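Working notes for the structure below.
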Amino acid sequence: MSPNNKPKVAFFDFTCCEGCQLTVVDSLQKYPDLLDAVEIVQFREAMTEKGEDYAVAFIEGSCSRLSDEPRLKQIRERAAVVVALGTCAHLGGVNALKYLHPLVDVQRYVYGDHAEWFETYDVRPIDAVIPVDFAIPGCPIDRDEFIACVNALLLGKKPPIPDYPVCVDCKLRENVCLFTQGKVCLGPVTRAGCKAICPTYGQSCEACRGFISNPNDSSMRNVLTEHGLDVDDVTSIYTMFTTYQVRQKMMAEEAKSK
Amino acid sequence: MIATTEKSLAQYADTENHLFMPVAARITKVLPLTALEKVFTVQLPEGLSLDHHPGQFVEVSLLGTGEAPISISSSPSRSNGNFELCVRKVGDVTQAIHRLQPGDMLGVRGPFGRGFPYEKFRGKDILFAPGGLGLAPLRSLINQVLDERALYGRVLILYGARNPSELLFKDELEAWSKRDDVELMLTVDRGDESWKGHVGVITTLFRDVSIYPRNTIAITCGPPVMYRFVLMELIGKGISEGNIYLSLERRMKCGIGKCGHCQINNVYACQSGPVFSYPEIKGLEEAL
Amino acid sequence: MTNRIDVHHVTRVEGHGNIVVDIDDGKIKECRFEVIETPRFFEAMLRGRSYLEASHITSRICGICSTGHSTASLRATEKALGVELSEQTRLLRKLTFHGEILDSHILHVYMLVAPDFLGVGSVIPLATSHREVVLRALRMKKLAGDICVVVAGRHTHPIAMTVGGFTHFPSAAELRDLREQLVASRVDVEATVDLCAKLPWPRFERDTEYVSLTKPDEYAFIDGEIITSDGYRLPVENYKEVTNEYLVPHSSAKLTRHKRDSLMVGALARFNNNYDQLHPKAKNAAQKLGIKPKVTNPYLNTAAQVVEIVHCVEDAINIIDQLLASGIKPEKPEPVNLEMCGSDGCNGVGAVEVPRGILIHDYWIGQDGRLTSANCIIPTNQNVANLEADMRALVPLIMDKPIDAMRLDLEMLVRAYDPCISCSVHVLKVEKKPSP
Amino acid sequence: MTPAKKTDDFKEVAVSLAIINKQDVPTFVRNLLRFYRVGGPVETNGHYAFNTIRDPAELRLDYPTTILPPKKFLLPPKETLFEFDSAHEFKIKPPRLEPRTIIFGVHTCDLHAIQLLDHVFEAGHPDPNYNSRRRQTLIVSVECLSPCDEYSFCKSMGTLSADEGYDLHLTDIGDAYAIDIGTDAGQNLLEHASVRSETPTDMQRLNAVLSEKWPRFPYRLDFDVSDLPSLLSMSMQSPLWNELGERCLACASCTNVCPTCFCFDVRDEVELNLTHGQRSRVWDSCQLDEFATVTGGHNFRKSRALRQRHRFMRKGKYILDAHHHLGCVGCGRCARACLVNITPVGVFNELYRQKEVGGQP
Ligand SMILES: Cc1cc2nc3c(=O)[nH]c(=O)nc-3n(C[C@H](O)[C@H](O)[C@H](O)COP(=O)(O)OP(=O)(O)OC[C@H]3O[C@@H](n4cnc5c(N)ncnc54)[C@H](O)[C@@H]3O)c2cc1C
Ligand code: SF4
Ligand code: SF4
Ligand code: SF4
């Protein structure tokens with residue numbers, strides 16, 4: 001805590017679109033008190049000042065190269081609390097989609113013959129590099145949930161990230177289920193907290209917030225197939241944001257079967 | 001707002017539409033027991049009394065943090081206008097309670113649930129078998145019984161904890177062990193250098209006790225895994241099922257039989273329990 | 001005198017960039033702007049994904065212009081698959097696009113540029129010293145965001161936009177409410193113009209080739225042709241003639257050039273090329289700000305953004321009026337016909353003007369509805385070479401200043417370009433492959 | 001118009017009736033809007049929801065069913081239990097009183113559900129929050145003349161009609177509604193309406209409508225509903241629960257849309273200044289992992305199979321035992337909402353079949 005008793009917080013970004021930091025800036029529209037509740041000492045997207053003394057570090061973005069690791073470790077050493085902000089930091093997010101193709105192939109495809117100029121390695125969520133105290137999920141994060149998490153930090157509580165599926169919120173919003181409109185949806189296995197915003201706006205939930213801790217995957221897959229998806233489609237929808245997790249799981253299963 | 005003549009907290013809540021609104025009570029004393037547990041002595045505002053039964057619980061809250069059901073650990077016989085809560089720090093509310101100091105306020109609702117029908121125990125031998133934090137609710141009854149000691153037969157306490165440092169109320173254990181009208185046996189799952197006593201899970205204590213089953217009431221409370229094993233021992237000793245009482249833990253939100261979390265099949269633990277006689281729950285699939 | 005200016009991780013820009021200027025004995029040895037954002041390989045990630053997912057994936061290229069990426073992506077797909085859009089879809093797309101332009105420009109003007117003129121490091125101290133200004137910025141930004149929320153669900157990573165139309169429609173009540181707020185915001189818009197009219201823009205002129213989209217009937221944001229201030233005009237499908245992407249080792253972004261060594265895209269280019277089509281109120285604002293085409297001072301890119309703020313607010317009001325007049329219909333998205341693709345797959349190029357300039361998505365889609373190749377050209381890349389040229393021209397003029405002042409001038413120049421670096425490291429595929 | 005039946009006078013059997021022409025309903029509602037918050041079925045995005053009515057034209061009394069039941073006006077998905085001004089000093093304020101409300105257009109299944117809720121919240125410790133809201137609420141129900149869709153099974157559950165629980169009850173008799181006046185409060189509402197006394201033709205039409213409607217509704221349970229509690233008590237060990245557990249997604253849609261589910265969670269929220277805030281209750285579901293989990297991770301209903309069993313036991317037995325009303329009113333909402341086709345009719349009939357085949361389910 002700083003002398004004025006406000007916790008010092010810092011924001012850092014790695015490989016991402018910076019939409020989550022932008023959402024933090026936008027949260028000020030509804031919660032101007034945020035600036036009175038915490039002291040922001042570093043936020044590259046919005047400020048020049050750089051303080052290196054902080055208690056809470058919000059990290060946005062995935063780790064996508066070896067040279068990012070020391071910086072992450074340094075943040076971990078300095079901060080009492082490290083929060084993964086948004087899907088890229090939390091799960092790897094869309095950045096991990098490139099796993100679907102072998103890495104070298106991807107590099108060549110984009111950089112042609114100069115691939116070796118640009119360092120990259122298997123994209124990973126932040127907690128694959130340093131211990132993370134908790135994650136605020138979402139691509140992008142939900143501003144109300146972000147504030148609720150800051151609030152919990154101030155109170156010394158666990159952040160109020162739900163462990164129930166998106167369908168709960170979707171029903172409370174009285175949406176017509178997408179499955180009855182001839183579409184598909186990952187709501188039943190995805191962690192809620194986004195107010196079921198995608199189904200509410202007529203699009204399938206793509207699991208940007210990751211899965212609940214105890215999803216019924218096989219039943220979900222059956223439902224998707226019954227609604228006309230083939231195996232490729234199911235893989236496709238399951239991997240939009242969670243390629244890293246799906247791949248980890250596959251590798252673990254492979255290792256187990258050996 | 002609060003009447004000057006003494007009124008029970010429960011009456012107050014009912015008449016003032018205060019069912020969900022906690023009454024602010026003051027902490028007068030904080031006594032650390034172990035690394036995880038502390039005992040808080042709490043005083044209700046003037047004019048209100050708790051009027052509880054041993055085995056009942058209160059909903060304790062900190063505004064902004066939340067609410068948690070906590071057993072009343074002191075006995076009605078020692079109320080003195082105060083009551084005691086033994087709180088283990090495990091999550092949001094309990095951690096926040098642990099940060100409180102004497103003089104701080106704490107929200108209280110209750111007392112809730114059905115306690116022990118201890119009037120019925122009079123003239124009987126009583127065997128207490130608490131495990132771990134299970135001593136907190138049983139202590140209320142133990143001290144009640146000890147304060148009217150003459151009304152009961154033998155008092156046996158078989159108490160088990162995971163290791164010596166997790167034994168609760170060590171001072172009282174010490175005092176009980178010195179009384180010749182209390183038979184206290186302690187055990188720990190894992191001992192340490194200084195531990196000279198019994199080592200093993202609580203059920204291993206039963207081998208060494210002889211009781212007169214027809215006149216014995218047995219009472220147990222502890223972690224979920226414990227009940228089945230203790231019950232086997234008790235029934236093995238010949239204690240009739242109707243003389244066995246258990247205090248059960250469940251998730252709870254309201255304390256008044258509405259929120260649904262504490263349901264054991266068709267029974268609300270917060271209303272019909274947390275204290276049950278064994279026959280009452282024997283037919284309930286979800287009880288143990 | 002030896003001076004080296006190394007600004008690592010330029011702040012108050014979207015994404016990561018370094019400025020490196022090395023001056024030895026009054027001579028410039030080095031002068032570069034390095035894009036150091038981690039490469040992201042979006043084009044490669046798109047391969048094999050369904051055409052329906054493309055806009056959801058590419059919106060994640062950039063949180064600031066995600067509506068722009070979505071729109072460019074949808075246009076590429078729609079052109080490839082021959083999808084015709086309804087008038088309502090066009091209007092709704094334009095409306096939410098305006099929301100994003102406003103959001104981004106307001107962020108840039110108030111939170112990223114204004115602190116420089118007010119001598120502070122960020123908008124945070126302004127919250128105390130210039131509370132009214134900050135509140136106004138937040139108010140305007142909220143309205144911009146609300147436009148996107150009403151039309152597409154959210155600004156960053158819009159939801160309701162899909163190939164051929166929308167999956168959700170605003171109600172008339174929501175639109176009326178937006179309109180009211182837009183009308184009320186004219187006061188804030190005017191205050192913004194007045195504030196910027198007073199700012200002491202640094203003096204610096206360097207002519208370059210200004211490149212933008214253009215349309216016969218409106219100030220172009222979505223679709224149109226490519227036009228340059230040097231008199232070239234070409235269909236967007238020929239974008240490569242203009243962009244000529246090339247790689248340099250110090251930057252993970254790809255650079256572009258046309259006929260000259262560099263070119264400039266963005267608000268200033270649009271202003272220079274399409275001035276006539278601005279809303280009359282926007283032209284008035286330009287007059288107040290003291291700019292008219294052709295503006296060759298890159299610092300004035302920010303002033304051109306202010307002009308566009310006026311234009312977008314007024315045009316948004318017009319669009320809402322049109323939508324309300326015809327009534328919102330819950331149209332099903334236009335169907336696609338994958339058969340059309342043939343065995344070679346089909347190709348479409350979507351071009352839009354995002355806040356920072358022309359954005360192009362170029363897709364090949366196979367008969368199975370999956371992308372076989374993709375190419376994205378991002379505006380910041382197009383500007384990097386121009387920015388470096390500006391820096392080389394500027395440094396001799398400011399060489400005598402103390403190093404801190406020099407650094408500030410250079411940082412301000414970078415910020416004037418409003419570079420969106422996270423976008424720019426998308427990276428391009430060198431050649432187009434028809435599907436096998 | 002015959003005089004209103006007195007709520008406290010059980011002997012009087014004469015039904016008090018009035019007739020309102022359909023074209024006069026909007027004016028009635030408009031008049032009510034001056035004094036009440038009116039909730040009723042409106043069309044939103046191609047389906048129906050009970051919403052607060054702003055314009056009488058929105059009210060759609062011919063709606064088939066809604067995703068959420070009208071319960072949301074009495075037990076809102078999120079409800080303030082109390083507010084506090086200073087967390088440390090325990091300055092607590094009771095929740096703000098909500099406006100007087102009329103729920104318009106309640107189907108009889110939902111009416112039965114509300115009667116159950118009334119009992120639940122009155123029994124034992126009366127719930128001050130529910131009760132104060134309930135006292136502020138009047139109910140105008142409508143008679144169902146054809147099934148909502150293939151999912152409803154109200155006839156099997158005995159909820160296809162209701163003779164109490166409403167203040168006014170409307171039956172569509174063509175170009176008018178016959179209004180059954182249930183209470184004095186209902187009678188008073190009619191002061192805002194232009195109604196007339198019933199004519200013999202009205203009565204004929206009413207009788208015809210009411211007798212013609214029954215055959216339109218199928219019985220969907222294969223046994224009589226009075227056997228449901230005993231069937232369930234014999235079914236604790238049925239293999240069906242495990243089958244359901246494998247399919248169930250534990251998405252809680254079934255309980256969230258149910259008019260009789262009332263379990264809740266309690267949460268505290270506080271503003272960033274950490275002083276002002278509120279404690280609220282929010283709908284919870286026994287189908288979710290956390291529902292019966294205590295700190296330390298022990299879950300008393302860990303498997304989805306046990307949770308489904310608990311749900312159906314509550315619906316068909318536990319709630320009846322405790323509150324004298326069945327916990328399922330046959331509205332079919334959960335069946336409509338379930339992605340893996342777990343439905344009360346399917347489950348109950350399967351248990352019955354197992355019992356018939358095996359003697360024991
Ligand atoms: C009848 C009864 C008596 C109890 N007596 C005591 C006691 O004397 N001393 C003591 O330390 N603990 C006691 N407990 C357990 C205590 O209630 C929980 O440890 C406490 O609720 C955890 O809350 P938390 O906020 O600290 O933890 P978190 O993990 O943050 O809990 C989150 C929420 O889950 C619910 N919850 C989690 N675990 C339990 C639980 N075991 N019981 C009820 N709700 C739970 C609560 O609603 C809580 O608010 C008792 C529980 C019951 C049911
Ligand atoms: S639309 Fe998706 S989130 Fe909503 S209920 Fe259906 S499956 Fe669940
Ligand atoms: S609905 Fe699904 S994809 Fe959409 S924001 Fe929520 S979790 Fe993410
Ligand atoms: S269990 Fe299903 S059918 Fe029965 S009342 Fe609830 S939602 Fe309706």
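A quick note: this is a predicted structure, and the numbers were derived from the prediction, not measured. In what follows, every heavy atom counts, from backbone to side chain, and hydrogens, waters and symmetry copies are set aside. Naming convention: chains lettered A, B, ... in sequence-line order (proteins, then strands); numbering from 1 in each chain.
Residues A/Leu22 and C/His155 meet the side-chain proximity criterion, which asks for heavy atoms closer than 4.5 Å. When side chains are defined from C-beta on, A/Cys208 does not count as touching C/His157, because their heavy atoms never get closer than 4.5 Å.
With respect to chain C, the highest number of heavy-atom pairs below 4.5 Å among A/Leu35, A/Thr23, A/Ile197 belongs to A/Ile197.
Closest of all the heavy-atom pairs between C/Arg49 and A/Thr239 is NH1-OG1, 3.3 Å. A pairwise comparison of heavy atoms in A/Gly202 and C/Thr167 identifies O-CB, 3.5 Å as the closest pair. Heavy atoms only, all atoms of each residue included: A/Gln203 and C/His56 are closest at OE1-CE1, 3.6 Å.
Atom NZ of A/Lys195 sits in a crowded spot, with more than 12 heavy atoms from other residues, nucleotides or ligands closer than 6.0 Å. Heavy atoms from other residues, nucleotides or ligands lying under 6.0 Å from NZ of C/Lys332 number 12 at most. For C/Arg131, the CZ atom counts as loosely surrounded, since its 6.0 Å shell holds 12 or fewer non-hydrogen atoms of other residues, nucleotides or ligands.
Rounding to the nearest 0.5 Å gives a distance of 12.5 Å between OG of C/Ser66 and CD of A/Glu18. Rounded to the nearest 0.5 angstrom, A/Ser204 OG and C/Ile159 CD1 are separated by 11.0 Å. Note that SG of A/Cys198 is 12.0 Å distant from NE2 of C/His168, once rounded to the nearest 0.5 Å. Atom-to-atom distance recorded for C/Ser50:OG and A/Ile237:CD1 is 10.0 Å, nearest 0.5 angstrom. Interatomic distance, A/Ser236 OG to C/Arg370 CZ, rounded to the nearest 0.5 Å: 5.0 Å. Note that CG of C/Leu138 and CG of A/Asp26 are 9.0 Å apart. Values are rounded to the nearest 0.5 Å.
Heavy-atom distances place no part of C/Met140 under 4.5 Å from chain A, backbone and side chain included. Looking at C/Ala137, neither its backbone nor its side chain comes within 4.5 Å of chain A, counting heavy atoms on both sides. With a 4.5 angstrom heavy-atom cutoff, A/Glu206 touches chain C only via side-chain atoms. Contacts between A/Lys30 and chain C at a heavy-atom distance below 4.5 Å are absent for every atom of the residue. Only the backbone of A/Thr200 comes within contact range of chain C, with heavy atoms under 4.5 Å apart.
The backbone N or O of A/Cys139 sits less than 3.5 Å from a side-chain atom of C/Arg60, completing a donor-acceptor pair. At least one donor-acceptor pair closer than 3.5 Å links the side chain of A/Tyr201 to the backbone N or O of C/Val149. Judged by distance alone, the side chain of C/Thr156 and the main-chain N or O of A/Pro140 form no donor-acceptor pair under 3.5 Å.
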